[in-house]
Structures are given as C-alpha cells and as structure tokens.
Amino acid sequence: RLVVWALNPVQHVAVRDHGDDRVPRVPPDEYHSTLKAFVREIRAAGAIPVLITAPRRSLTHEVVGKVYVISVEQGNRTHDEYVEITRRVARESNVELLDLASLFTNQACNGYFAPDGIHFDFYSQEGYMTNDPPSQPGLMRVAEELDRKVRDITRTPAWPSHRPASP
C-alpha cells in the first residue's frame with residue numbers, strides 16, 4: 001500500500017478548497033506523522049519499512065487544470081517540501097530510504113514521465129487503452145530500483161533477524 005501511495009504524490013499533495021482558501025489535502029505535519037505511523041506499524045508487524053520519495057519533472061499546467069495545485073511553481077515547491085519530509089522521517093526513524101526523487105534527476109529519465117510531470121509513462125492514456133501499453137520504462141525503472149533496495153536490505157547483518165525461523 002505504501003508504494004502505491006508514495007508513487008501517487010499528487011493525491012496527498014493536492015489542495016482542498018475551503019472557500020477562498022486552499023490548503024493541502026494532507027498538511028505537512030499530518031504527512032510527517034502519517035509516515036511515522038507507517039514506520040511504527042510496519043516495524044510492529046516484524047517487517048522492515050522502506051520510505052520512497054516521489055520523483056517529478058516540472059509540473060505542468062495540466063496539474064493546475066485539474067485543480068491539484070494553484071500554480072506550477074507552487075506545485076513544484078509543495079512536491080519538494082513533501083519529498084524533504086519523507087527524507088527527514090527516514091533519518092529520524094532510521095529507516096531505509098529509496099530516494100527516487102534523487103535517482104530520477106538525470107535528464108535521461110525525462111521520458112519516464114507522463115505529460116503532467118508527476119505520473120509515469122502512459123498514465124494520462126490508460127483510461128482509453130484497450131490493451132496494456134507496449135512498455136512502461138518509468139514503472140520498470142521504479143521496479144528495478146525497488147528490487148535493488150530490497151536486495152541490498154537482505155544483504156545486511158540485520159536481515160536474518162527478520163526472516164522466519166526454519167521449521
């Protein structure tokens with residue numbers, strides 16, 4: 001659930017309309033406390049939490065048109081603020097971090113993003129497609145990075161304590 005949630009940042013960074021005032025759907029302090037709660041719950045289940053930052057390109061007017069943000073500039077700032085909160089929670093909680101926001105800064109990653117600058121690949125066309133897209137390089141790269149992170153975790157000295165005991 002966390003991976004899906006983290007890879008859809010516009011949903012939790014978007015703004016709510018309260019009369020003439022626009023406020024984040026999930027305010028920064030609530031986002032921070034929610035991530036901390038995720039970490040506690042995952043650890044309580046005996047699992048290893050991994051926080052993931054959401055990459056982006058510059059958001060576009062498409063995102064503004066959907067009323068997720070009031071301007072491209074504000075959307076970029078807000079997105080970056082939430083990425084920083086995720087990094088801070090990872091540090092504060094001593095949690096593994098998959099920093100996709102940093103990993104996807106290379107211009108070679110530009111083609112991974114949908115026209116809105118936040119979603120991946122064929123996102124904007126998926127509702128109209130009758131078949132799966134021929135390829136989804138952005139999502140494949142996310143999967144590769146997640147696989148790499150999980151493999152790195154399983155190579156740490158702490159890993160054996162998280163495996164079930166042999167029968």
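Residue numbers count from 1 along this sequence. Hydrogens, waters and symmetry mates are skipped; everything else that's a heavy atom, side chains included, is used.
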*Begin from the C-alpha positions of T53 and S102 and carry the test side chain to side chain contact (heavy atoms under 4.5 Å, CB included) through to its verdict.*
CA-CA 8 Å; T53 60; S102 288; over 6 Å; no

*Dump the intermediate steps for side chain to side chain contact (heavy atoms under 4.5 Å, CB included) on L51 and R87, then the final yes or no.*
CA-CA 8 Å; L51 296 180; R87 290 174 178 148; over 6 Å; no

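- For the atom pair CG (L100) and NZ (K149), the distance works out to 10.0 Å, reported to the nearest 0.5 Å.
- M140 and V150 fall into different hydrophobic clusters, where Ile, Leu, Val, Met, Phe, Trp and Tyr residues are linked whenever their side-chain heavy atoms come under 4.5 Å apart, directly or through other members.
- Hydrophobic clustering keeps L97 apart from V83 (ILVMFWY residues linked when any side-chain heavy atoms are closer than 4.5 Å, directly or through intermediates).
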*asked:* Test side chain to side chain contact (heavy atoms under 4.5 Å, CB included) on R56 and F104; report intermediate values, then the result.
replied: CA-CA 8 Å; R56 71 165 175 85; F104 283 45; over 6 Å; no

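- Screening residues 106-115 for side chain to side chain donor-acceptor pair (under 3.5 Å) gives R57-N110 as the qualifying pairs, with residues at least two apart or on separate chains.
- Remark: of the listed residues I48, I42, V39, V50, V39 is the sole one forming a side-chain contact (heavy atoms from CB on, under 4.5 Å) with V95.
- Not one N or O on the side chain of K36 forms a donor-acceptor pair closer than 3.5 Å with the backbone of V89.
- Here E92 pairs with R88 in a salt bridge; the nearest charged N to carboxylate O distance falls below 4.0 Å.
- When only modelled atom types and interatomic distance are considered, R43 and S93 share no side-chain donor-acceptor pair under 3.5 Å.
- Counting non-hydrogen atoms of neighbouring residues, nucleotides and ligands closer than 6.0 angstrom, the CG atom of D29 exceeds 12 such neighbours.
- Salt-bridge annotation for D152 and R155: present, with a side-chain N of the basic residue lying under 4.0 Å from a carboxylate O of the acidic one.
- Between A101 and A54, the shortest heavy-atom distance links the atoms CB-O, 3.7 Å.
- Side chains of T86 and Y31: a donor on one and an acceptor on the other come within 3.5 Å.
- At least one side-chain heavy atom of L98 sits less than 4.5 Å from a side-chain heavy atom of L146.
- Taken from CD in Q74 to CG in N76, the straight-line distance is 9.0 Å, to the nearest 0.5 Å.
- The salt bridge (charged side-chain N to carboxylate O under 4.0 Å, His left out) check on E81 picks up nothing, with sequence neighbours excluded.
- Remark: the backbone N or O of S58 is not paired with any side-chain donor or acceptor of H79 at under 3.5 angstrom.
- Annotation: side chain of Y82 is in contact with side chain of P28 (closest heavy-atom distance under 4.5 Å).
- Atoms CZ and SG, on F120 and C109 in that order, are 9.0 Å from each other to the nearest 0.5 Å.
- For the residue pair T34/E30, the side-chain donor-acceptor check at 3.5 Å is not satisfied.
- Applying the salt bridge (charged side-chain N to carboxylate O under 4.0 Å, His left out) criterion to R148, with sequence neighbours excluded, gives E145.
- To the nearest 0.5 Å, atom OG1 of residue T156 and atom CD of residue E96 are 7.0 Å apart.
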